[in-house]
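Some notes on the structure that comes next.
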Amino acid sequence: MKNRITDLNDHLFVQIERLSVEGLSGEQLEAEVQRTDAMVKVADMIVDNARLGIQAATLVANHGDRFRKDLPMLSAPKEIEGK
């Protein structure tokens, strides 16, 4: 699975389009609103995670590798078995 922030952006815009569909019943609109709330919560977490990664990379860029051992998320990815 290879998802990117740009994909998240696309999903959010698709959801905006779903919310703007005319002729939705009250029940259908409520279901879309609930779906939107769930998507926003997940999107917020994804963005916060990306922001944290950027902050960690900035720390290393500004202060060198002395913090790298404390930031395992900046290490190179481990090889996937079978590849």
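Numbers for residues simply follow the sequence, beginning at 1.
Atom CG of Asn3 sits about 11.0 Å away from atom CG of Asp10, to the nearest 0.5 Å. Here the CG-CD1 distance, from Asn49 to Ile5, works out to 8.5 Å after rounding to the nearest 0.5 Å.
In this structure, Leu24 shares a hydrophobic cluster with Leu19, Val21, Leu29, Val33, the cluster being traced through Ile, Leu, Val, Met, Phe, Trp and Tyr side chains under 4.5 angstrom apart.
The salt bridge (charged side-chain N to carboxylate O under 4.0 Å, His left out) pairs that include a residue from residues 16-28 number zero, where partners must be two or more places apart or lie in different chains. The stretch residues 36-46 participates, sequence neighbours left out, in these side chain to side chain donor-acceptor pair (under 3.5 Å) pairs: Gln15-Thr36.
Applying the side-chain contact (heavy atoms from CB on, under 4.5 Å) rule to Ala31 yields no partners; only residues at least two apart in sequence or on another chain are considered. Here Val42 pairs with Ile46 under the side-chain contact (heavy atoms from CB on, under 4.5 Å) rule; sequence neighbours left out. Not counting sequence neighbours, the partners of Gln55 by the side-chain contact (heavy atoms from CB on, under 4.5 Å) test are Arg51, Leu52.
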Dump the intermediate steps for side chain to side chain donor-acceptor pair (under 3.5 Å) on Gln28 and Glu32, then the final yes or no. CA-CA 6 Å; Gln28 291 170 318; Glu32 288 303 328; over 6 Å; no
